[in-house]
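Input: a single structure, listed below in structure tokens.
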Amino acid sequence: MDSVSLKSDFPIFKYHPDLVYLDSTATSLKPKSVIDKVSEYYEQYSANVFRGVYEISEKATEEYEQTRKILGNFINSKKTEEIILTRSTTESINLVAYSLGRKIINEGDEIVTTVMEHHSNFVPWQQLALENGATFKVIDVTDDGFLDLFLPRHPEPIRQAQGKLREESSDQRERKNASLDSSVSASWRIPQNDISGLDKIITKKTKFLAIAYVSNVLGTINPIKKIVKMAKSINPKLIVIVDAAQAVPHLKVDVQDLGCDFLTFSSHKMLGPTGVGALWGRYELLSEMFPFNFGGEMIQEVYVDKTVFKPPPHKFEAGTPDIAGVIALKEAIIYLQKIGMDKVRSHERELLLQAFKRLKSSFGEKIQILGPPNKEDKGGIIAFKFGNYHPHDVAQILDEEQICVRAGHHCAMPLHQRFGINASVRASFYIYNTEEDVDKLVRGLKKVEDTLG
Amino acid sequence: MSIYQEIILEHYKNPHNFGTIKNPSKRSSIFNPLCGDKIELEAIFKKGKVEKIKFRAQGCAISQASASILTDHVLGRIKEDLKKLDKDFMIKLLGIELGPNRIKCALLPLEALHKLIT
Ligand SMILES: Cc1ncc(COP(=O)(O)O)c(C=O)c1O
């Protein structure tokens with residue numbers, strides 16, 4: 001993959017030739033084909049979908065439905081009708097929490113999530129539990145950023161909502177520093193059939209397991225397939241929802257292979273337009289669920305005294321959607337497919353390795369990278385603490401060099417609390433990033449040192 | 001123009017009025033949970049004037065420098081006058097241009113000051 005020549009597909013570099021964009025975890029840049037497709041809709045067939053019998057409306061509907069089909073193929077959905085088009089990952093998760101969560105959660109039930117979640121896969125479940133008197137359980141992470149499930153490292157691998165956060169000991173801090181060493185291979189491997197950790201967490205009362213495929217801070221790639229298998233062997237009725245916002249843009253994702261029940265992601269993180277997200281769900285579950293929003297497009301028949309809803313997916317797609325966004329998302333997928341997801345992943349893995357090496361050789365112990373110390377278990381995401389410099393100052397000084405990184409808690413406050421910090425700096429990679437970008441990041445961080453002393 | 005001007009860096013590296021006061025007349029603190037910045041102010045007032053003021057801060061260079069510069073400014077001034085200090089004053093005092101994200105950092109010490117003199 002040639003990221004340098006690939007940059008010419010992204011018009012933003014025409015306006016900012018020296019831009020070093022290292023925040024694709026927040027949102028990705030857009031290739032010309034996607035931007036052109038948005039204009040194409042508005043210029044050539046900007047009619048509403050599912051409504052007109054006239055030609056341009058039919059064209060819009062066809063283009064719209066084609067995206068659903070391509071999306072379904074992209075994640076290997078069994079049926080196209082299992083793809084629901086939403087506004088975002090956030091809306092997709094909330095849809096499940098409302099339409100299914102409020103249907104099946106009762107007092108005494110359990111909802112399990114992890115401390116590495118983005119707020120959008122944390123707060124909806126926490127609130128659902130609070131509203132209904134269910135128990136909210138949070139799976140901890142180890143100091144090197146793996147889900148604390150299988151190694152008997154901590155005596156209590158889970159935290160309950162009423163529980164207190166553990167204070168970080170100096171010993172833990174030291175081990176965290178040690179996790180920087182990229183030469184250390186992962187000490188963590190799931191024993192094939194060992195469910196001894198998970199069976200303390202998942203019980204017959206657990207109705208939902210909500211879990212990220214890839215952490216947007218630690219970069220940890222969770223072994224979803226194994227976790228689903230183990231969790232469901234404990235409780236076959238368990239519903240597993242996977243937040244794949246950081247997975248679908250970067251890895252090959254196969255929902256049938258994973259064995260989960262729902263999977264969510266956002267268009268804008270995978271080269272597509274903002275305002276569009278997707279929810280994949282098992283058709284049987286989707287049929288049982290309550291509608292999410294009521295209104296136009298989602299109904300079959302409406303009478304004064306009752307309404308008949310459409311079957312999925314349209315049952316969950318009330319109102320006029322972001323038609324241009326949905327249509328253009330298709331171009332993003334076509335673009336990714338042309339490169340090949342295996343290549344996308346190996347490119348990011350290579351950049352990650354370079355970044356590990358160069359950051360460590362330049363700054364040694366001064367830089368503390370959160371998350372797995374090896375590239376195999378980590379997506380192209382590097383969140384770090386840099387000396388005693390405040391993340392805001394680091395990001396601001398990098399910005400003076402046109403390097404875009406994120407500073408803050410990255411919508412993962414519980415995770416930062418877990419590591420005893422308020423904020424971190426995050427650099428993340430995607431297809432258009434190059435080794436030169438990694439170099440510039442290192443040079444930028446040297447400027448931070450020079451400036452702040 | 002970089003916001004990390006000489007004067008800002010000077011105050012960040014060698015803050016004025018840093019520390020605590022034994023038996024202060026008043027103490028105040030402000031916490032911004034979003035970025036984890038924290039400012040604590042302590043002062044001794046005499047006849048409505050700031051006789052002594054000290055701060056402790058955890059946070060970015062801007063908030064720390066801002067606390068140092070602001071405490072310098074308020075020393076010896078009358079409490080009533082300090083109530084008038086606002087955002088525009090702070091921007092002028094620091095002499096740098098701040099975007100909407102960083103202005104909050106610069107204003108944190110002022111917020112703590114307003115709490116201190118109410
Ligand atoms: C892991 C993860 N989940 C969920 C989200 C929320 O995505 P969106 O803002 O598109 O709803 C993000 C985006 O930052 C994310 O990284």
Side-chain angles (χ1 to χ4, degrees), chain A residues 18 23 26-27 118-119 122-123 165 167-168 173 217 368 370 383-426 443-453, chain B residues 1-16 18-19 29-41 55-71 87 90-91 94-112:
Chain A
D18 296 320
D23 199 16
T27 195
H118 187 281
H119 294 158
F122 193 89
V123 183
L165 291 178
E167 292 288 320
E168 184 188 43
R173 211 172 295 129
V217 179
Q368 295 172 34
L370 302 174
F384 59 92
K385 284 268 316 167
F386 187 40
N388 285 324
Y389 307 126
H390 195 286
H392 281 171
D393 291 323
V394 176
Q396 185 99 43
I397 293 168
L398 291 177
D399 175 56
E400 290 172 3
E401 304 300 303
Q402 295 195 57
I403 302 169
C404 312
V405 296
R406 181 100 181 256
H409 52 62
H410 325 304
C411 299
M413 281 180 86
L415 182 67
H416 281 78
Q417 287 154 10
R418 159 66 182 79
F419 283 101
I421 53 179
N422 287 308
S424 59
V425 183
R426 183 184 67 191
R443 261 181 273 148
L445 290 173
K446 284 188 179 146
K447 185 183 167 191
V448 172
E449 281 186 318
D450 290 343
T451 308
L452 299 178
Chain B
M1 188 181 85
S2 168
I3 62 171
Y4 298 95
Q5 296 296 304
E6 200 84 32
I7 173 134
I8 298 290
L9 291 171
E10 186 48 42
H11 278 273
Y12 167 61
K13 290 173 192 170
N14 303 298
H16 302 178
F18 191 86
S29 70
I30 285 279
F31 179 59
N32 178 349
L34 269 183
C35 52
D37 286 4
K38 199 174 174 178
I39 302 265
E40 277 174 27
L41 285 180
F55 81 92
R56 281 186 301 169
Q58 231 177 41
C60 66
I62 301 305
S63 68
Q64 302 218 34
S66 165
S68 172
I69 293 169
L70 180 67
T71 47
K87 181 172 155 185
M90 232 21 243
I91 292 169
L94 295 177
I96 50 174
E97 265 177 53
L98 290 164
N101 280 323
R102 300 309 296 279
I103 191 81
K104 285 181 220 132
C105 313
L107 293 179
L108 209 61
L110 184 64
E111 240 183 283

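Proteins get letters first, then strands, A, B, ... in listed order; numbering begins at 1 in each. Here the structure is a predicted model, which means the values were calculated and not measured. Side chains are part of it too, since the values below use all heavy atoms of this structure and drop only hydrogens, waters and symmetry mates.
Shown here is B/Q5, whose CD atom has more than 12 heavy atoms of other residues, nucleotides or ligands within 6.0 Å. For A/D450, the CG atom sits in a packed shell: over 12 heavy atoms of surrounding residues, nucleotides or ligands are nearer than 6.0 Å.
Interatomic distance, A/K447 NZ to B/S2 OG, rounded to the nearest 0.5 Å: 6.0 Å. Separation of atoms CZ (B/F31) and CG (A/N422) is listed at 5.5 Å; rounding is to 0.5 Å. Here the straight-line distance linking atom CD1 of B/I3 with atom CG of A/D399 works out to 9.5 Å at 0.5 Å rounding. Between B/Y4 atom OH and A/E400 atom CD the span is 7.0 Å, to the nearest 0.5 Å.
In this structure, B/R102 contributes its side chain and A/H392 its backbone to a donor-acceptor pair below 3.5 Å. The backbone N or O of B/A61 lies less than 3.5 Å from a partner atom in the side chain of A/D393, making a donor-acceptor pair.
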### Task
Any chance you could lay out the side-chain contact (heavy atoms from CB on, under 4.5 Å) test for A/H390 and B/D37, step after step, and finish with the verdict?
CA-CA 9 Å; A/H390 195 286; B/D37 286 4; 2.8 Å; yes
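Taking each heavy atom of A/L452 and B/K13 in turn, the nearest pair found is O-CE, 3.3 Å.
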